[in-house]
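What's counted below: heavy atoms across the whole structure, side chains too, no hydrogens, waters or symmetry copies.
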Amino acid sequence: MGPGGPPVTVRAATLAGGEKNQDRFAYGDGWAFVLDGASSFTTTQPEHDGGWYAERLKNALVHELTSRPEDATVDAVGRAIGAAASAHDDPGTCPTSTIAMARWTKVAVEVYVLGDSTAVLIGEDREKVITDSRLASIAPETRIEYRGRLMQGHGFDRRHRDLLHQLQSRQRAARNRHDGYWIAGADPEAARYGIGHRQPVSTLDDIVLATDGAASALKYGVVDSWAELARSDLRPLLDALHMTEESDQQAITWPRSKAHDDKTVQVVRF
């Protein structure tokens with residue numbers, strides 16, 4: 001889209017859910033993005049995990065957006081995916097990451113989402129939420145089973161881990177297919193299947209970019225709206241979200257894959 005957009009302020013915060021944070025973020029002249037490297041629920045952790053991939057994807061995206069700012073988003077993302085995947089030998093086991101990106105000029109704002117992170121455009125008392133629900137459509141019966149067991153009080157036991165392993169196997173088989181879902185991983189072609197939205201910059205007050213861990217602030221009642229999140233102090237907000245998860249250690253009230261997720265959020269204010 002090109003640099004030279006309106007004056008903005010960008011605020012960002014990230015919080016690891018455990019020992020390692022697999023989220024990444026970056027921003028620059030006319031652009032911002034968040035990434036969520038996928039966790040692995042296998043017994044033996046891979047040499048290259050989602051954080052490894054997300055770090056390389058971040059660096060490749062920064063290079064593309066700064067060196068060729070006029071290029072289309074899908075082209076920049078495609079080249080970045082190719083660069084990030086090039087250091088991993090086996091396409092079948094390549095780690096993956098979501099992308100939620102915003103780009104802006106003096107005239108227009110474009111948001112782009114690939115995977116289950118979220119972009120929200122806030123202005124004129126309206127919130128436009130851009131999400132990608134295709135990943136959530138894979139193996140719904142497995143999701144229902146693991147969430148049901150959590151609500152019954154079984155916690156994150158061995159059966160829970162087995163179900164998550166089954167879910168990831170089903171997701172791997174459906175990855176970057178027309179009858180499945182699309183994600184940043186080994187295939188640069190996935191970039192062409194992101195979900196985009198564009199609108200005049202004059203209609204906007206804020207853009208929020210959030211990984212799914214941070215987006216849970218609305219699901220868990222830490223904030224009531226995206227507009228409230230955009231006005232919040234971001235690091236205290238993520239701390240409060242982490243404590244809310246801590247208050248539900250067995251995931252009975254809010255069934256989820258793990259006790260704490262990585263959380264990353266950016267707010268671009270025009």
Closest approach of [X] to [Y] (non-hydrogen atoms, all atoms of both residues):
X      : Y      : value
Ala190 : Trp182 : CA-CE3, 3.6 Å
Trp31  : Val62  : CH2-CG2, 3.8 Å
Leu238 : Ala214 : CD2-CB, 4.2 Å
Pro6   : Phe270 : CG-CD2, 3.7 Å
Ala174 : Ile138 : CB-CD1, 3.8 Å
Lys219 : Trp254 : O-NE1, 3.8 Å

(Q) Using the rule given for salt bridge (charged side-chain N to carboxylate O under 4.0 Å, His left out), can you reason through Lys20 versus Asp49, listing the C-alpha separation, both sets of side-chain angles and the distance that settles it, and then say yes or no? (A) CA-CA 11 Å; Lys20 297 173 62 176; Asp49 62 10; 2.5 Å; yes
Quick one: [atom1] on [X] to [atom2] on [Y], what's the gap to the nearest 0.5 Å?
X      : Y      : atom1 : atom2 : value
Asp205 : Arg126 : CG    : CZ    : 13.0 Å
Ser202 : Glu124 : OG    : CD    : 7.5 Å
Ile122 : Ser225 : CD1   : OG    : 7.5 Å
Leu167 : His165 : CG    : NE2   : 11.0 Å
Glu127 : Glu228 : CD    : CD    : 10.0 Å
Phe33  : Leu209 : CZ    : CG    : 10.5 Å

Just checking, is any N or O donor in the side chain of [X] or [Y] under 3.5 Å from an acceptor N or O on the other one?
X      : Y      : answer
Thr211 : Lys263 : no
Thr73  : Arg103 : yes
Asn21  : Thr14  : yes
His154 : Gln250 : no

Hey, does [Y] have a side-chain heavy atom less than 4.5 Å from the side chain of [X]?
X      : Y      : result
Val268 : Asp206 : no
Val129 : Thr118 : yes
Arg170 : Glu141 : yes
Glu110 : Met101 : no
Leu15  : Asp262 : no
Val265 : Leu229 : yes
Ile195 : Arg134 : yes

Q | Audit row: Tyr112, His197, ring-ring contact (aromatic ring centres under 6.0 Å, His included) steps and yes/no | A | CA-CA 7 Å; Tyr112 171 95; His197 175 79; over 10 Å; no
Would you find a donor on one side and an acceptor on the other, under 3.5 Å apart, between the side chain of [X] and the backbone of [Y]?
X      : Y      : value
Asp132 : Gly115 : yes
His260 : Gly213 : no
Gln168 : Ser39  : yes
Asp71  : Asp75  : no
Thr105 : Ala108 : yes
Arg11  : Ala230 : yes
Tyr181 : Gln171 : yes
Arg56  : Trp52  : yes
Glu64  : Ala80  : no

When clusters are formed by joining ILVMFWY residues with side-chain heavy atoms under 4.5 Å apart, either directly or through shared neighbours, do [X] and [Y] land in the same one?
X      : Y      : answer
Tyr53  : Ile99  : yes
Ile130 : Trp226 : no
Val10  : Leu65  : no
Val34  : Leu234 : no
Val113 : Val120 : no

(Q) So that I can tick it off, tell me whether Asp187 and Arg175 are bridged by a salt bridge, with the cut-off set at under 4.0 angstrom between side-chain N and carboxylate O. (A)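 Result for this pair is no, no salt bridge flagged.
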Q: Could you tell me whether Asp248 and Arg256 make a salt bridge, using a distance below 4.0 angstrom between a side-chain N and a carboxylate O?
A: yes
Q: Might you work through the salt bridge (charged side-chain N to carboxylate O under 4.0 Å, His left out) test for Asp157 and Arg149, ending with a clear yes or no?
A: CA-CA 10 Å; Asp157 60 5; Arg149 295 186 76 259; 2.9 Å; yes
(Q) For Leu237 and Val222: C-alpha separation, side-chain torsions, deciding distance, then whether side chain to side chain contact (heavy atoms under 4.5 Å, CB included) applies. (A) CA-CA 8 Å; Leu237 171 77; Val222 178; 3.7 Å; yes
Q: Might you work through the salt bridge (charged side-chain N to carboxylate O under 4.0 Å, His left out) test for Lys258 and Glu245, ending with a clear yes or no?
A: CA-CA 10 Å; Lys258 51 193 173 185; Glu245 292 171 334; over 6 Å; no
Q | Heavy atoms from other residues, nucleotides or ligands near OH of Tyr27 exceed 12 (cutoff 6.0 Å) | A |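 For Tyr27, atom OH is not crowded (no more than 12 foreign heavy atoms under 6.0 Å).
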Q: Might you confirm whether atom CZ of Arg159 has over 12 heavy atoms from other residues, nucleotides or ligands at distances under 6.0 Å?
A: yes
Q: Start with the C-alpha distance between His160 and Leu150, add both sets of side-chain angles, then the distance that settles side chain to side chain contact (heavy atoms under 4.5 Å, CB included), and finish with yes or no.
A: CA-CA 8 Å; His160 177 81; Leu150 288 168; 3.7 Å; yes
Q.
Which residue is it: Ile183, Leu35, Asp212, Leu114? I am looking for the one with a side-chain contact (heavy atoms from CB on, under 4.5 Å) to Thr98.
A.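 Checked Ile183, Leu35, Asp212, Leu114 against Thr98; only one passes side-chain contact (heavy atoms from CB on, under 4.5 Å): Ile183.
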**Q.** Candidate pair Val111 and Leu121, rule side chain to side chain contact (heavy atoms under 4.5 Å, CB included), full reasoning
**A.** CA-CA 9 Å; Val111 293; Leu121 300 103; 3.8 Å; yes
Q: Starting from the C-alpha separation in whole Å, work towards a yes-or-no answer on side chain to side chain contact (heavy atoms under 4.5 Å, CB included) for Val109 and Arg198.
A: CA-CA 6 Å; Val109 167; Arg198 183 186 291 253; over 6 Å; no
